[in-house]
Visitor: 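There's a structure below that I have some questions on.
Heavy-atom basis, side chains included; hydrogens, waters and symmetry copies ignored. In this chain, numbering begins with 1 at the start of the sequence shown. Each ligand, and each atom within it, is numbered from 1 in the order the structure gives.
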Amino acid sequence: MRKKTFFSYLVLVLAFIGLTGCKTNNVADLDILETSKSSNEIIWGVKNDTRLFGLMDIPSREVKGFDIDIAKAITEKLLGRDGRATFVEVTSKTRIPLLKNGNIDAIIATMTITEERKEQVDFSEVYFDAGQSLLVEKGSPITSVEDLDETTTALVVKGSTSAVNIREASPNARILELENYAEAFTALQAGQGDAMTTDNAILLGMASENSNYELVGGTFTEEPYGIAINKGQENFLDAVNAALREMHEDGTYDEIFDKWFPDDDSGKVD
Ligand code: GLU
C-alpha cells in the first residue's frame, strides 16, 4: 500500500516537472504581451556596468541609466502605473541566449540593430543613435583607427559589433576581447591595451568619470540601438513600438533623453 502511494506521488511530481518544463522551454508558444499582463511584470535584460545606459548603483542596489528609464516608461505604458519592470543583468555575449531561453522578455542594452542579429531576434524602432569610437589615455599617440597597427592592441567586449567592426577598420591591430565593459576599461587603465573601442556614448560615460581618458577620431560606424524581442512575438513588438511612439509624442522620450544626455543631442531619435 505504502509503495503504491509513493509511486502515485512520484508520477504526480514527474508530471508537474514535465508540464512546467514544457511551459518555460517553449518560449515561442507564449504570447509575451499576455503573460506580462497577467503577471503584471516585464523582465528586461539590461547592462549593469555601462554608465549612462545601465549601471548598478551599489548603495541603492538599483540599476540606473537611459536604457533603464526607457524600459520603465514602456512598462508603465503597457501595464499601467503598478506594472513592474524587473531588470536582469546581461552582457553583449549573453543577451541573445538569455532572450532565446526565455529568461528575459526583451533586451534593452546598448544593442545595435544589425542584419545578422535580425536573423535571430526582432528589433523595435531605433531609440538611440550611437557610433563606434576610440577611448585612449590623454596624450596617447593614437588619434584615430588608422593609428591602430600591429604594434598596438585594441580592447573590445565579446559579442559586440565593436569587436567585429574594429577588425575591418584596423585589420592589422592586435585585439584583446574582454567579457564586459567594466573589465575592458580596467584593462585599459592597467595598460593591457592602447585603446578601447565601442560606441561613443558608452565611452563618453567612462571618460566623464575618468578625466585622464578621452575619445579620439570621431565615429567610424553607425550603431542604431533597438529593443530586441523574440521572433514570433508580434503583439509584444507592436505594443513596444506603440509605447515608444507615444513617448515621442507626449514628451517622455525627450525628458528621459535630456536627463542622461543634457549636453549632447547626437544620440537623439526623432
Ligand atoms: N552597440 C554595440 C553592440 O550592440 C556595442 C555595445 C554593446 O556591446 O552592447 O554590440
Visitor: Using a 4.0 Å cutoff against the non-hydrogen atoms of Thr110, which atoms of ligand 1 qualify?
Guide: 1 (N), 2 (C), 3 (C), 4 (O), 6 (C), 7 (C), 9 (O)
Visitor: Tell me the closest heavy-atom pair linking Thr252 and Ala73, and the distance in Å.
Guide: CG2-CB, 4.1 Å
Visitor: Using a 3.5 Å cut-off on N or O atoms only, is Thr112 in polar contact with ligand 1?
Guide: yes
Visitor: Should Ile202 be listed as contacting ligand 1, given a heavy-atom distance under 4.0 Å as the test?
Guide: yes
Visitor: Indicate if Val136 and Val157 have the same hydrophobic cluster label, given that clusters are the connected sets of ILVMFWY residues with side-chain heavy-atom separations under 4.5 angstrom.
Guide: no
Visitor: Ser162 heavy atoms, cut-off 4.0 Å: which ligand 1 atoms fall inside?
Guide: 5 (C)
Visitor: Under 4.0 Å from a heavy atom of Tyr225: which atoms of ligand 1 are those, numbered in the order shown and with their elements?
Guide: 1 (N)
Visitor: Could you tell me, atom by atom, which parts of ligand 1 come under 4.0 Å of a heavy atom of Lys47?
Guide: 7 (C), 8 (O), 9 (O)
Visitor: Which of the numbered atoms in ligand 1 are under 4.0 angstrom from any heavy atom belonging to Ser160?
Guide: 8 (O), 10 (O)
Visitor: Applying a 4.0 Å heavy-atom criterion (strictly less than), which segment of Val157 is in contact with ligand 1: side chain, backbone, both, or neither?
Guide: neither
Visitor: Nearest 0.5 Å, please: how far is CG in Leu135 from CD in Glu214?
Guide: 8.5 Å
Visitor: Under the criterion salt bridge (charged side-chain N to carboxylate O under 4.0 Å, His left out), I'd like the reasoning laid out for Asp69 against Lys259: C-alpha separation, chi angles, the key distance, then a yes or no.
Guide: CA-CA 10 Å; Asp69 285 351; Lys259 171 179 166 191; 2.7 Å; yes
Visitor: How far is atom 10 (O) of ligand 1 from the closest protein heavy atom, and which atom is that?
Guide: Thr161 N, 2.7 Å
Visitor: Hey, which atoms in ligand 1 end up nearer than 4.0 Å to a heavy atom of Met111?
Guide: 4 (O)
Visitor: Out of Ser92, Ala130, Gly54, whose heavy atom is nearest to atom 8 (O) of ligand 1?
Guide: Ser92
Visitor: Are any side-chain N or O atoms of Gln233 and backbone N or O atoms of Ile32, one a donor and one an acceptor, separated by less than 3.5 Å?
Guide: yes
Visitor: Between Phe261 and Tyr253, does the ring centre distance come in under 6.0 Å?
Guide: no
Visitor: Looking at Asn200, Thr198, Thr197, which hits side-chain hydrogen bond (donor to acceptor under 3.5 Å, both in side chains) with Gln132?
Guide: Thr197
Visitor: At under 4.0 Å between heavy atoms, is it the side chain or the backbone of Thr198 that contacts ligand 1, or both, or neither?
Guide: side chain
Visitor: Atom CD of Glu41 and atom OG1 of Thr35: how far apart are they, to the nearest 0.5 Å?
Guide: 10.0 Å
Visitor: Which residue holds the protein heavy atom closest to atom 5 (C) of ligand 1, what is that atom called, and what is the gap in Å?
Guide: Asp199 OD2, 3.3 Å
Visitor: Report yes if some N/O of Arg95 lies less than 3.5 Å from some N/O of ligand 1; otherwise report no.
Guide: yes
Visitor: Quick check for you: to the nearest 0.5 Å, what is the distance between Lys47 atom NZ and Ile107 atom CD1?
Guide: 10.0 Å
Visitor: When you measure from the heavy atoms of Arg117 to every atom of ligand 1, does any distance fall below 4.0 Å?
Guide: yes
Visitor: If the cut-off is 4.0 Å to any non-hydrogen atom of Ala109, which atoms of ligand 1 fall inside it?
Guide: 9 (O)
Visitor: Looking at Glu150, I'd like to know if its CD atom is crowded, meaning that more than 12 non-hydrogen atoms belonging to other residues, nucleotides or ligands lie closer than 6.0 Å.
Guide: yes
